[in-house]
Structures are given as C-alpha cells and as structure tokens.
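Below, all heavy atoms of this structure are taken into account, side chains as well, without hydrogens, waters or symmetry copies. Naming: A, B, ... by sequence-line order, numbering from 1 per chain. The structure presented is a predicted model; accordingly, all values stated were derived computationally and were not measured.
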Amino acid sequence: MAHHRVRIAPSPTGPLHIGTARTALFNYLHARHVGGTFILRLEDTDVARSTLEFEKDILDGLHWLGLEWDEGPEVAGEPARGPHAPYRQMERLPSYAAAAQRLLADDLAYPCYCTSAELEADRASREAERLPPRYVGRCAALTPEERRTRERDGRRGALRFRVGEGVVAFDDIVRGRVEIDVANLGGDFVIVRADGTPLYHFTVVVDDAAMEITHVIRGEDHLSNTPKHILLFQALGHAVPRFAHLPLILNPDRSKMSKRKSQTAIDDYIAQGFVREALVNYLALLGWATGTEEEILSLPEITERFDLSQVHKGGAIFDRERLEWINGQWIRRLSADELIDRLRPFIEADLVAGRIEWMPSDDELRSLLPVIQERLPTLGAIGDLVGFLWVAELDVDTAMLIPKRWDHATTLAGLEAAREVIADVRDVVFEADEMEPPLRALAEARGWKAGDLFMAIRVAVTGRTATPPLFDTLVALGRDRVLARLDHAVEVLAPS
RNA sequence: GCCCCCAUCGUCUAGAGGCCUAGGACGCCACCCUUUCAAGGUGGAGAUCAGGGGUUCGAAUCCCCUUGGGGGUACCA
C-alpha cells in the first residue's frame with residue numbers, strides 16, 4: 001500500500017466527544033507517522049440531530065487540539081477543500097443514489113416494502129422463539145410485477161442489501177484475524193430509507209471508497225459491523241481497506257464512556273483549563289504506550305514514536321487524576337509568554353463572573369509566574385490561587401484569622417505587631433528579602449513560632465490558608481494594600 | 001438471547017517462553033525540603049499476571065475450557 005489515506009468521520013450531532021478526539025488523534029498520528037493523508041469528513045445524514053453549531057464545535061475542537069487535516073471542511077458551513085470534495089455527506093447525496101442504483105441494477109439490493117408494524121411483529125415473534133433478530137426476507141424475492149403493484153399503491157420501498165452467505169474474514173491491525181459468519185448479520189439490511197436518505201453503513205462505504213481510504217481506524221464499537229462494510233465494498237467493486245479497531249475509552253464502571261457517567265465534551269476540559277498538549281499526551285497514552293518509560297511527550301514526539309500495531313486491545317478507563325497530573329506537567333513546561341496568553345481568558349472569565357474586580361497587567365502576571373506556575377493544576381485554578389490580588393476588599397472573619405495554635409489575643413497582638421514591622425520597612429524597597437528577617441525577629445522576640453505569625457498574616461492579607469509563599473504574596477499585593485488588610489483584620493479582631 | 005472482542009497493582013501501562021522473587025507512572029502513605037499550599041527528592045504499601053487445565057526442561061507470555069467485562073445486534077451514527 002503506497003500512500004496511506006485515513007479519515008476521521010464525526011457526526012455533528014453533539015459537541016466534540018473525548019472518544020472522537022482520541023480516534024481523530026490516532027488517525028492523525030498514523031497519517032503523520034507514515035507520511036500519509038489525514039481526511040476529515042462530516043457524517044451529517046442524521047438530519048434531525050445534526051446542526052451547524054455542533055459542526056463548528058467539532059471543527060474548532062480538532063483545530064484546538066492541533067490535529068490539522070489535509071482534506072475536508074476547515075470552517076463550519078464553508079465549502080470543503082480537497083480532491084474528493086465535498087466532504088459533507090449531505091452534499092454527496094448523488095453519489096449514494098448512483099451507488100444504490102448500481103446495486104439495484106445488479107440485484108445486489110432490492111426494494112423492501114415492509115411496514116414498521118410488520119417488522120416489529122417479525123421481531124416480536126422471533127424474540128418469542130428466542131431467536132436472534134433477523135429480517136425474514138419477505139420482500140427479497142418480489143417479482144417486478146409485485147413491486148410495481150406496491151409502488152402503484154403508493155408504497156415506497158427502502159433499499160435492502162442482500163447479505164448472502166459465507167464467512168467474512170479480515171486482518172485487523174490491532175486485533176489480528178477476525179472472522180464472522182454473515183448468517184449472524186441479521187439478514188438483509190437497509191442501506192437507503194424509504195424516504196431516499198442513505199444510512200450510515202452505506203454512506204461510510206461509498207465515501208471511504210470514493211475518497212480512496214486505505215486504512216479505517218475507528219472505535220471497537222464498529223468491529224461487529226465491519227463485515228457489512230466489507231460486503232458492501234465488494235458489491236460496489238472496490239478494494240477493501242485495512243481496518244484497525246481501537247479499544248474504547250471507558251466510564252469508571254467499564255462501560256463505553258458516556259455523557260451520562262463521565263465528562264465527555266472536549267469543551268468542558270478546555271473550559272476548566274486543560275491545555276492541548278496535556279489532552280493530546282493523555283489521550284495518546286490511553287490504549288498505546290511507547291514501550292519505554294517516557295510519558296510526557298509532545299505531539300511531534302508522539303508522532304515519531306507512534307505505531308498502530310502497538311495499540312492495545314483492551315478498553316481503558318478515563319482517569320481524570322492522571323490527566324490533571326499530565327496537565328500540571330505541561331503547564332510547568334510552558335514559556336512565560338505562552339502561559340500568560342493562555343491564562344488571560346480564564347482571568348477574564350473570573351472577572352465576568354464577579355470573582356475578581358479587575359484584570360492584572362501582563363507585567364504583573366509575569367512577575368507572579370515564578371510562584372504560580374508550579375502551583376496550577378489547571379489554568380482555571382488561577383482565580384482560586386491568587387484571585388485575592390484582584391479584589392478591593394477581603395471577606396475575613398474571626399475564626400478564619402486565628403491560627404490553630406493561637407488564641408484570639410495572641411492573633412490580635414501578632415497582627416498589630418506585624419503591621420508595625422511591615423510599615424517600618426518603608427525606607428527600603430518593598431521586597432520579600434526585606435520583610436522576612438524583621439518578621440522572624442519579631443516572632444523570636446515575642447516567643448512565637450514564625451509559622452504561626454506568618455499564618456495569621458497570610459489569612460489577614462489573602463483570606464486563605466493556602467497561598468503562594470507569603471513574602472512574595474506581600475510584594476505582589478504592595479505595601480499599601482498589605483497594611484490596609486492588616487488594619488482591617490485588626491478591626492475584625494478588636495473588641496468593640 | 002445470538003454474534004464478536006477483551007482480560008498484568010485501585011487506574012494507565014511495560015512485558016512478544018528463560019533477563020520477572022513482574023518494571024514504570026497516576027493516586028495513596030511516610031519521610032526530606034519548608035512560613036501555608038504546591039513543586040521536587042527519597043522510601044513504602046499495592047498484582048498468587050481472572051480461575052482451571054494443557055504444551056514445554058521452563059509460561060504473565062502459546063493452546064483449550066470456565067468465569068468476568070465490554071461491544072454489536074435499528075428505515076441511529
């Protein structure tokens with residue numbers, strides 16, 4: 001197989017799903033690793049559920065992940081580019097009609113006039129006999145005359161594909177040899193609805209053939225349907241592509257990952273502040289490993305090492321804790337400019353939500369980076385970490401202000417004394433190095449543990465018990481605000 | 001029900017007959033560092049390799065059965 005052509009074929013019936021993103025990633029990795037072509041095709045034949053908004057969401061999400069495709073629509077609603085355009089199934093209807101016509105002409109498919117009531121009755125009776133569901137073939141041998149009669153009665157037939165008999169076998173790149181007796185396929189299956197719209201199993205084959213797809217890399221949930229596709233490729237006279245069925249991403253209970261039991265929308269992860277490098281890194285390592293002990297890898301590094309035949313067979317539970325760890329690893333690897341750029345939207349979101357009152361400048365963020373970069377599990381955690389810097393006043397109460405080992409009076413005395421010490425450093429530059437020695441000296445002079453004094457100050461100026469290092473925090477706040485917040489805390493504690 | 005697929009620490013995985021008294025990572029627990037929180041460092045607990053039969057001098061690795069789990073079975077994709 002000279003040139004590899006692979007595709008991701010999402011349905012715009014929902015926002016970009018973790019599973020779709022992972023399948024797209026593996027297709028991308030394979031294509032880039034072998035120097036092939038990565039195609040994006042939108043399977044929008046489920047008109048009732050497909051929307052342009054979902055289409056946009058999916059394209060945006062794939063772009064965000066950095067999985068650029070070589071052929072397909074670039075922007076939602078816009079014409080697609082590539083030698084096999086269009087890449088949107090609803091714009092390819094004539095090709096399905098032509099393929100259907102050929103199958104009909106060759107008698108490889110036939111019109112079926114069964115009503116849904118009849119089919120339902122068939123299903124019920126087979127179930128009563130404890131037999132697997134299967135189309136009974138009522139319309140399989142209708143004469144041209146019988147068909148005409150039904151058409152005259154105003155009945156419109158769906159098109160059924162003749163399954164025939166025999167065993168379909170194929171060598172799956174991840175699973176090895178798979179053999180399925182077509183007798184288990186459920187009989188002749190519908191490829192075109194009575195209203196003329198084509199069904200998934202049919203469009204996917206017509207398009208994969210037309211787009212000269214050489215490797216179909218998709219989720220394991222399609223494994224059982226693969227014989228139907230192979231039969232169709234053969235009936236249409238096309239070469240059958242290679243298949244690679246990826247293990248599923250699972251809910252914690254090991255069922256197929258679903259919206260109901262897990263967070264599945266890529267959007268949600270983006271909104272929480274996961275970075276693309278981490279998502280890509282994590283997803284690549286679900287069902288595949290380098291075989292070495294390397295774990296933190298960039299998209300190019302993964303591409304270089306990727307090998308479809310090394311992909312696992314068993315499904316993998318989506319582990320958010322591990323994703324968070326990888327996210328932290330990547331946040332720490334980001335450059336200052338890069339991190340500031342990516343943090344900004346999250347700070348803006350905090351502003352809009354009223355959690356902070358103004359936006360920090362780039363310079364302020366840059367000076368904060370040394371103490372926040374290693375403390376951010378996600379970009380979205382920025383507000384929790386240092387949001388106290390960007391509000392005018394703090395909400396602190398007595399209980400919160402008193403350190404564990406201290407009592408009310410000690411805390412009051414400690415904060416008053418600390419206020420004086422800090423006010424006294426006015427002659428020098430307000431820097432961390434200048435404040436620590438005098439405050440330590442104060443603690444020693446009064447017989448306090450420095451940690452307790454620091455904790456009281458920390459809560460007074462930040463409203464929290466967990467913050468970046470205290471003296472860096474004081475500098476970030478600035479002398480005036482530090483003194484004002486200490487005064488306020490003293491007021492809160494002072495007997496009135 | 002029927003068909004298909006799968007099975008190594010809680011989780012992600014390394015392992016392609018002897019290197020395995022099963023390695024790494026996340027998480028967890030200690031300790032170190034330390035003003036809190038992180039990060040980092042060190043150490044620890046954690047898997048009779050689902051169970052049972054084979055094959056072999058030797059099996060986590062090969063074969064069979066059982067069990068468990070998952071997927072598919074639409075005029076959804």
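Within 4.0 Å of A:P469, counting heavy atoms only, lies at least one base atom of the nucleic acid. At the heavy-atom level, A:G314 lies under 4.0 Å from the strands shown only through sugar-phosphate atoms. Within 4.0 Å (heavy atoms only), A:G287 reaches sugar-phosphate atoms of the nucleic acid but no base atom. Nucleic acid contact class of A:T13 (heavy atoms, under 4.0 Å, all strands): none. Using a 4.0 Å heavy-atom distance criterion, A:F471 is classed as a base contact. At a threshold of 4.0 angstrom between heavy atoms, the contacts of A:E127 with the nucleic acid are absent. Among the protein residues, A:A158 comes within range of the nucleic acid bases, having at least one heavy atom under 4.0 Å from a base atom. Base contact: A:A194 has a heavy atom under 4.0 Å from a base atom. Within the 4.0 angstrom heavy-atom criterion, base atoms lie near A:P468. Nucleic acid contact class of A:L223 (heavy atoms, under 4.0 Å, all strands): sugar-phosphate only. Within 4.0 Å (heavy atoms only), A:D46 reaches sugar-phosphate atoms of the nucleic acid but no base atom. Within 4.0 Å (heavy atoms only), A:L248 reaches sugar-phosphate atoms of the nucleic acid but no base atom. A:T467 comes within 4.0 angstrom of a nucleotide base, judged by non-hydrogen atoms across all strands.
Between the C1' atom of B:rG15 and the CD atom of A:Q310 lies a distance of 11 Å, rounded to the nearest Å. Atom C1' of nucleotide B:rC37 and atom CG of A:D472 are separated by 13 Å, given to the nearest angstrom. Rounded to whole Å, the distance from NZ on A:K313 to P on B:rA16 is 14 Å. For the pair A:I230 CD1 and B:rC4 P, the interatomic distance rounds to 15 Å; values are reported in whole Å. Distance, A:R177 CZ to B:rC4 C1': 15 Å, rounded to whole Å.
When Watson-Crick and G-U wobble pairs are counted only if both distances are under 3.5 Å, B:rC49 pairs with no nucleotide at all. As the counterpart of B:rC3, B:rG71 is assigned, both hydrogen-bonding distances of the Watson-Crick or G-U wobble pattern falling under 3.5 Å. In this structure, B:rC28 and B:rG44 make a Watson-Crick or G-U wobble pair, each of the two defining distances being under 3.5 angstrom. For B:rC37, there is no paired base (Watson-Crick or G-U wobble, both distances below 3.5 Å).
The separation of B:rC31 from B:rA16, taken at their P atoms, amounts to 39 Å, rounded to a whole angstrom. Remark: the separation of the C1' atoms in B:rA59 and B:rG17 is 6 Å, to the nearest Å. Between B:rG10 and B:rG72, the two C1' atoms lie 29 Å apart (nearest whole Å). The gap from the C1' atom of B:rG23 to that of B:rC62 amounts to 23 Å, rounded to the nearest Å. B:rU66 sits 26 Å from B:rG58 when the P atoms are compared, rounded to a whole Å.
Within the 4.5 Å cutoff, no side-chain heavy atoms of A:P86 are placed close to those of A:P73. Between A:W288 and A:H312, the closest side-chain pair of non-hydrogen atoms is not below 4.5 Å. Side-chain atoms of A:T226 and A:V178, non-hydrogen and from C-beta on, never get closer than 4.5 Å to each other. Residues A:T411 and A:L493 form a side-chain contact, since some pair of their non-hydrogen atoms from C-beta on lies under 4.5 Å apart.
Closest to the side chain of A:R458, out of B:rU36, B:rA77, B:rA14, is B:rU36. Nearest to the side chain of A:E293, among B:rG23, B:rA77, B:rU35, sits B:rG23.
Test A:V386, A:D384, A:L379 against A:I382 for side-chain contact (heavy atoms from CB on, under 4.5 Å) and you get one pass: A:V386.
Checking the phosphate oxygens (OP1, OP2) of B:rU35, a side-chain nitrogen or oxygen of A:R440 falls inside 4.0 Å. Residue A:R254 has no polar side-chain atom (N or O) positioned under 4.0 Å from OP1 or OP2 of B:rC6. In this structure, A:K228 does not reach the B:rU73 phosphate: none of its side-chain N or O atoms is under 4.0 Å from OP1 or OP2. OP1 or OP2 of B:rA77 sits under 4.0 Å from a side-chain N or O of A:R193. Phosphate proximity of B:rA14 to A:H312: present, with a side-chain N or O under 4.0 Å from OP1 or OP2. Contact annotation: A:T45 reaches the phosphate of B:rA77 (side-chain N/O to OP1 or OP2, under 4.0 Å).
Residue side chain A:R134 does not reach the base of B:rU73 through any donor-acceptor N/O pair under 3.5 Å, judged by distance alone. Counting atom types as modelled, A:R175 pairs no side-chain N or O with a base atom of B:rC5 as donor and acceptor under 3.5 Å. A donor-acceptor contact under 3.5 Å links the side chain of A:S224 to the base of B:rG71.
Taking the six-membered ring where the residue is Trp, A:Y200 and A:H229 present perpendicular rings, their angle passing 60° and hence far from 30°. Ring geometry, A:F170 versus A:F243: the interplanar angle exceeds 60°, so the pair is classed perpendicular (tilted spans 30 to 60°).
Using a 4.0 Å cut-off between a side-chain N of Lys or Arg and a carboxylate O of Asp or Glu, A:E294 and A:R305 qualify as a salt bridge.
Other residues, nucleotides and ligands place more than 12 heavy atoms under 6.0 Å from the CD atom of A:E118.
Cation-pi geometry between A:K228 and A:F161 is not satisfied (NZ or CZ under 6.0 Å from the ring centre, within 45° of the ring normal).
Within the 6.0 Å centre-distance limit, the rings of A:Y282 and A:F318 are counted as a close aromatic pair.
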Show the distances under 3.5 angstrom between N or O atoms of the protein and N or O atoms of nucleotides 25-27 of chain B.
{"unit_1": "B:rA25", "atom_1": "O4'", "unit_2": "A:E295", "atom_2": "OE2", "d": "2.7"}
{"unit_1": "B:rA25", "atom_1": "O2'", "unit_2": "A:E295", "atom_2": "OE1", "d": "3.4"}
{"unit_1": "B:rA25", "atom_1": "O2'", "unit_2": "A:E295", "atom_2": "OE2", "d": "3.0"}
{"unit_1": "B:rA25", "atom_1": "O2'", "unit_2": "A:R322", "atom_2": "NH1", "d": "3.0"}
{"unit_1": "B:rC26", "atom_1": "O2'", "unit_2": "A:R322", "atom_2": "N", "d": "3.4"}

